[in-house]
Amino acid sequence: MYDIIYIGGGLNYAGAIIAAKKGLKVALVEKDLSQLGGVCLHKGCIPSKMFLHYAQSFEQSKSEIFEGEINFNIQKLVEKKDRLINAATKAVHSQCKGIDLIEGEGVVKEAYKVSVKDEVYEAKHIVIGTGSSPFIPEGITYDAKRVITSDEVLELDHFPTEICIYGAGAIGLEMASFFCFSGVKVTVLLHSKGLLKKANPLIQKALKKELEDRGIQFLEDHKIVDTKVSAKGVAISFENADQIDTPMLLVASGRKPNLSVVQTDEIKVQRGIDTDEYFQSSLKDHYAVGDCNAKLQLAHAARAEVLNVTMSILGKSPKALNLNHVVQFIHTLPMSYASVGQNKDMLEKSNTSYKQSQVSLREFSASSFHNAKNGLMFVYADEEGFILGAEILAPDAEELIAPVAMALVGEMDANLAGSTIMAHPSFAEALERSYFRL
Amino acid sequence: MAYEILMPQLSDSMDEGKLISWRVKPKDVVRIGDVIAEVESDKAIMEVQCFKNGEIEALHIKEGESAPVGTVIASIKLSNISGTELNEKADEPAKEKTIQEKELNIHAQRQAQALDRSMASPKAKVLAMSHGLNIRSLQKVQRLPSPSHEKDIVYYLEKRFFTPRSLNLIKKYKLDIFDFELSKKYDSKDVDEYVNKSKLSTFKPIGSFQKALMKNLEKSFQKPVFHIYDHIDSSYFQLYKDYSISAWLIKVFSMAMMEFEGFRSSIKDDGILLYSNASISFAMLGGRKLYMPVIKDANMLSIKEIKHALKNIQEDINQGSLKSSQMQDSTFGISNLGTTGIEGFDALINQDDSAIAAIGTQIDKKISVNLTIDHRLIDGYEAALFMQRLKALCLDEEFFKRNIEDV
């Protein structure tokens with residue numbers, strides 16, 4: 001009998017390590033132990049940001065200041081990535097000493113029991129963190145060669161001459177940035193209209209212009225109904241009767257929660273596994289964290305969730321997480337988009353009265369050599385001046401937004417937040433100005 | 001966590017003190033201000049006060065023994081008892097308590113003065129001591145001014161233990177920061193939980209929107225009004241239900257208004273403003289707020305246009321984009337509570353309108369209409385004729401047919 005069985009070896013491992021250190025008997029079930037660390041480490045956050053980093057360096061090397069020819073060797077990048085991830089996976093394995101690692105697909109058929117292959121393990125608490133998988137819409141034939149997902153990008157042995165990307169969510173736009181900066185002609189296919197429809201309208205416009213100026217083409221209202229793969233490439237047919245031939249199609253239509261782990265009616269499932277504010281499912285002592293509870297598809301949210309659950313099980317009565325305070329971002333190039341707290345869209349929809357301040361990065365000289373002239377910063381506050389949230393389009397906006405996230409947790413008002421003296425020159429200065437203008 | 005009580009220096013010349021008697025024994029629960037011992041110094045016997053909430057863990061010297069200033073004489077296991085629980089425990093008569101506290105304060109002040117030579121008022125020193133603050137070291141890092149006063153210590157404690165938003169709530173609800181055990185940082189959620197848990201009545205100031213509303217209501221109430229009560233037939237409202245009862249009411253009332261100019265009038269400054277068209281203020285909900293947007297020149301609008309006007313206004317309300325210009329220039333109001341099942345009610349006249357109709361629910365094909373009328377603009381006879389016309393229009397099928405055809 002285990003104290004806790006964690007199912008899924010993604011960010012779940014963070015909780016398992018803490019529980020084991022506190023002396024609990026812990027098991028971690030993972031269908032492929034070479035993938036310990038999950039999508040984040042092997043196929044998502046870490047490798048994608050690494051790829052984006054080198055694509056940006058490559059693009060920056062094309063400045064007229066640098067002379068001579070530079071080639072982007074994707075095979076070397078893939079090898080470098082493999083080495084990094086192998087080292088990181090080893091590090092996770094060594095931290096997992098003291099945890100029973102069980103390989104195989106874990107399934108919950110009845111309360112307090114996890115079946116893995118032919119074995120059944122019992123536990124006082126079960127934490128499900130099975131993550132999510134790429135969603136391939138109907139009509140698209142995925143073959144992992146010509147029609148790929150972001151997984152295959154990380155194993156590419158050469159760049160295609162051009163690529164079509166279906167979807168303009170986080171993965172779609174990051175992949176578009178990566179290929180565009182690597183010198184590949186990119187066409188983004190959108191099934192409806194508009195980019196980042198929930199972002200501040202001015203940021204939507206600025207980001208679209210930024211990407212278009214770099215040569216990315218957007219085709220709106222292009223819903224794919226059929227794909228035909230041949231030796232030459234992919235023939236795509238759209239609902240609007242258009243047709244396109246492309247050497248490669250990358251499908252980035254979102255990710256769907258992995259729910260096959262639940263095989264009992266006692267755990268209620270809708271879009272994801274239903275959970276309360278402490279991530280407990282409809283069955284007592286059975287929890288769901290990360291992508292599989294369909295709350296936020298973000299590794300850092302998953303990590304916070306599993307730690308919160310583990311603290312609850314350890315009897316530490318943690319505070320309920322405020323998922324609204326989680327930083328969300330899309331790492332486009334050269335500027336990324338980040339938001340925290342309430343954005344303009346949420347404030348408008350909830351009928352909240354609010355003040356906003358707007359600062360353009362153009363006001364700062366450093367924006368010219370950081371490719372950030374179109375950068376924008378919005379900070380929102382309630383009528384009394386308390387910070388409600390922010391949206392930022394800037395280089396590494398996800399880093400820049402951290403002080404706002406802290407101001408939210410610390411429940412600061414604009415006066416107090418604005419009395420922080422930021423370094424010069426930095427884009428954090430723009431934040432100081434945003435607070436000042438509220 | 002244990003807290004140690006030291007032999008206090010009760011006068012400048014005191015080097016050691018003799019413990020005359022213990023007032024507590026191990027495992028006793030003590031709270032801030034409790035006297036735990038009596039100590040004899042050079043000349044006098046003085047009480048030793050406790051500056052922490054907790055439980056006596058151990059007494060380290062016996063009665064009758066002497067110890068140098070600064071020796072540990074007792075240790076306390078700090079508790080997590082919250083301030084309110086402690087207050088509940090305080091059952092001594094209030095008067096007695098204040099006298100006792102006063103005496104204790106004098107002692108504590110002396111102790112504090114003797115032990116701490118920082119620049120601070122005696123009151124500040126006592127408060128700082130009771131919360132384990134070292135004034136001198138806080139002054140060194142500019143967290144406290146020099147000299148410090150009681151208000152500075154309170155200000156420091158406020159910033160130290162409350163987020164700006166939670167402090168704002170505490171002031172709004174008129175709570176006291178010392179109701180909270182000052183051992184962790186509280187956020188607004190904690191303060192809300194405290195209020196809910198302690199079932200306190202809270203104080204919420206009236207917002208500017210609500211203030212304006214209250215002023216208008218008071219103004220309306222001062223008008224010399226009279227009422228007329230009757231019913232209208234609702235058969236045709238049901239028959240032509242492609243359009244809501246609200247839309248039909250606006251249509252019917254606007255037509256009747258065109259025949260009685262008192263209902264198109266409004267008192268402005270020293271005169272009476274007569275409008276050539278019938279504009280109606282209509283009560284609508286946005287969240288939990290009530291708005292009175294105006295359907296302008298309703299008599300000129302087809303039933304379809306009225307339907308669209310209502311839909312557009314509701315969208316403006318939902319998006320919070322209703323402008324004040326959309327709530328002006330009416331002379332008559334309608335408040336329809338029919339959907340809530342209420343049989344009938346009276347309404348207060350909106351702003352400068354001449355009258356308002358309070359509409360009840362449909363019972364046996366009848367709807368109650370209660371008019372509240374400003375007697376300065378309309379007399380009883382005109383009001384009765386207006387009601388008569390209204391009832392006749394509701395029974396006139398040609399009127400409904402014509403309006404449908406207009407569409």
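Below, each value reflects all heavy atoms present in this structure, side chains not excepted, and no hydrogens, waters or symmetry copies. Just so we're on the same page: letters track the sequence lines, and every chain starts at 1.
Residue with the most contacts toward chain B among A:Gly385, A:Ser350, A:Gly410: A:Gly410 (heavy-atom pairs, distance under 4.5 Å).
Summarising the local packing, CZ of B:Arg143 is surrounded by 12 or fewer heavy atoms from other residues, nucleotides or ligands at distances under 6.0 Å. Environment of NZ in A:Lys22: sparse, with no more than 12 heavy atoms of neighbouring residues, nucleotides or ligands closer than 6.0 Å. For A:His300, the NE2 atom sits in a packed shell: over 12 heavy atoms of surrounding residues, nucleotides or ligands are nearer than 6.0 Å. By the 6.0 Å contact criterion, NZ on A:Lys193 is open, its count of non-hydrogen atoms from other residues, nucleotides or ligands being 12 or less. Around atom CZ of A:Arg437, more than 12 heavy atoms belonging to other residues, nucleotides or ligands sit under 6.0 Å away. Atom CZ of B:Phe345 has more than 12 heavy atoms from other residues, nucleotides or ligands within 6.0 Å. Taking a 6.0 Å sphere around NZ of B:Lys185, one finds it holds more than 12 heavy atoms contributed by other residues, nucleotides or ligands.
The two atoms that bring B:Pro164 and A:Leu416 nearest to each other are CG-CD2, 3.4 Å, heavy atoms only. Summarising the geometry of A:Asn351 relative to B:Ile317, their closest heavy-atom pair is ND2-O, 3.8 Å, with the distance given to 0.1 Å. Between B:Lys189 and A:Ala320, the closest heavy-atom pair is NZ-CB, 3.8 Å.
Interface remark: B:Ser166 contributes backbone and side-chain atoms alike to the contact with chain A (heavy atom separation under 4.5 Å). With a 4.5 angstrom heavy-atom cutoff, A:Glu384 touches chain B only via side-chain atoms. Proximity to chain B (any heavy atom under 4.5 Å) is shown, for A:Lys349, by neither the backbone nor the side chain.
Of the inter-residue distances, the one linking B:Arg165 atom CZ with A:Asp382 atom CG reads 5.0 Å to the nearest 0.5 angstrom.
The side-chain heavy atoms of B:Asp187 and A:Lys319, taken from C-beta on, include a pair separated by under 4.5 Å.
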